[in-house]
Amino acid sequence: MTHNTIRARLAFSFKAEAYQLDATIDLDRYSGEIGEAPNFHLLLAKAGGIDPYSYLYDALESHDIEFSEATGSAALSCRDGRFDWPQFELHRQDDQDMQVVSAIAERTLGVRDLEQRADLKAALLAAYRAGQGAV
């Protein structure tokens, strides 16, 4: 499985001092409540050694983060400096479901590449999701 990472950057000034925050974030570490994105401002602040209970942090929060260099499923959800967390969650869930279904197909049917069998892929995926209550 490919790791899901994204580069987050934020440039701002506070009290006539310029700050350039930059961090690569491992998105696989954040899979809490559905629809609840990690606090990217807080993650950048921590990476930059900024106290989240400071005026500097308040200034940081008032600026938009630029996202780039996404890997894995995150690449499908990162466009024009923006990152769509709900879309990423859907792609990540699809990838996880396909890993399970692919393993079942190989183990029980001897099918190693479900991409070559779109009908079987769709049927197994639907059955798996029905069993999960996701249909």
Side-chain angles (χ1 to χ4, degrees):
M1 183 165 125
T2 304
H3 287 298
N4 296 297
T5 63
I6 196 160
R7 184 176 183 188
R9 289 182 283 186
L10 190 139
F12 69 104
S13 62
F14 180 71
K15 293 187 176 180
E17 190 171 335
Y19 294 87
Q20 299 279 335
L21 302 178
D22 191 334
T24 298
I25 299 169
D26 180 0
L27 298 172
D28 293 327
R29 295 182 59 202
Y30 304 98
S31 59
E33 294 294 317
I34 298 292
E36 189 175 318
N39 184 337
F40 290 111
H41 284 92
L42 181 60
L43 294 173
L44 274 175
K46 286 182 178 180
I50 295 173
D51 182 354
Y53 298 104
S54 67
Y55 289 121
L56 178 58
Y57 180 74
D58 291 341
L60 174 155
E61 276 192 312
S62 69
H63 292 81
D64 291 333
I65 298 171
E66 180 184 332
F67 296 99
S68 63
E69 301 173 36
T71 63
S73 297
L76 300 170
S77 304
C78 184
R79 297 278 183 267
D80 302 320
R82 303 244 181 246
F83 185 63
D84 186 337
W85 179 262
Q87 182 184 56
F88 164 67
E89 285 184 309
L90 291 173
H91 289 297
R92 179 168 54 180
Q93 188 60 54
D94 285 346
D95 286 349
Q96 290 170 349
D97 291 353
M98 278 309 303
Q99 284 182 1
V100 172
V101 167
S102 292
I104 292 169
E106 185 171 353
R107 187 175 55 248
T108 61
L109 303 172
V111 176
R112 292 188 177 175
D113 185 6
L114 279 177
E115 296 304 320
Q116 300 297 318
R117 298 279 314 272
D119 57 338
L120 182 59
K121 174 183 171 182
L124 288 173
L125 194 53
Y128 175 74
R129 288 180 174 161
Q132 296 296 311
V135 175

Least distance between heavy atoms, Leu114 atom then Val111 atom: CD2-CG1, 4.0 Å

Note: Arg129-Asp94 ion pair, threshold 4.0 Å (strictly below): yes

Any donor-acceptor pair under 3.5 Å from Asn4 side chain to Asp28 backbone: no

Taking distance alone, no hydrogens or angles, what donor-acceptor pairs closer than 3.5 Å link side-chain atoms of residues 16-24 to residues at least two apart or in another chain?
from  : atom 1 : to   : atom 2 : distance (Å)
Asp22 : OD1    : Arg7 : NE     : 2.9
Asp22 : OD2    : Arg7 : NE     : 3.1
Asp22 : OD2    : Arg7 : NH2    : 2.4

Spatial distance of atom CG (Asp26) from atom OG1 (Thr71) [nearest 0.5 Å]: 8.0 Å

Contacts of type salt bridge (Lys or Arg N to Asp or Glu O under 4.0 Å), residue Arg117, not counting sequence neighbours: Asp119

Shortest non-hydrogen separation from Ile6 to Ser68 and the atoms involved: CG1-O, 3.6 Å

Under 3.5 Å: donor-acceptor pair, side chain of His3, backbone of Leu27: no

Steps toward side chain to side chain contact (heavy atoms under 4.5 Å, CB included) verdict (Glu69, Thr5): CA-CA 8 Å; Glu69 301 173 36; Thr5 63; over 6 Å; no

Interatomic distance, Gln93 atom CD to Ser73 atom OG [nearest 0.5 angstrom]: 10.5 Å

Straight-line distance of Leu56 CG to Glu61 CD, nearest 0.5 Å: 11.0 Å

Derivation and outcome, side chain to side chain contact (heavy atoms under 4.5 Å, CB included), residues Ile65 and His41: CA-CA 8 Å; Ile65 298 171; His41 284 92; 3.8 Å; yes

Hphob cluster co-occupancy, Ile25 + Leu76, side-chain heavy atoms under 4.5 angstrom: no

Pair Phe67 + Phe40: ring centers closer than 6.0 Å: yes

Approximate separation, where rounding is to 0.5 Å, of Tyr30 OH and Arg92 CZ: 11.5 Å

CD-CZ distance between Gln87 and Arg79, expressed to the nearest 0.5 angstrom: 7.5 Å

Nearest-0.5 Å distance that lies between atom CD in Glu66 and atom CZ in Arg9: 4.5 Å

CA sep, side-chain torsions, deciding dist, call: Gln99, Asp95, side chain to side chain donor-acceptor pair (under 3.5 Å): CA-CA 6 Å; Gln99 284 182 1; Asp95 286 349; over 6 Å; no

Given Leu44, Ile50, Asp51, the one that forms side-chain contact (heavy atoms from CB on, under 4.5 Å) with Tyr57: Ile50

Transitive ILVMFWY side-chain link Tyr55 to Leu60, under 4.5 Å: yes

Atom of Cys78, atom of Phe83 and distance for their closest heavy-atom approach: CB-CD1, 4.1 Å

For Ala75, all residues meeting side-chain contact (heavy atoms from CB on, under 4.5 Å), sequence neighbours excluded: Ala70

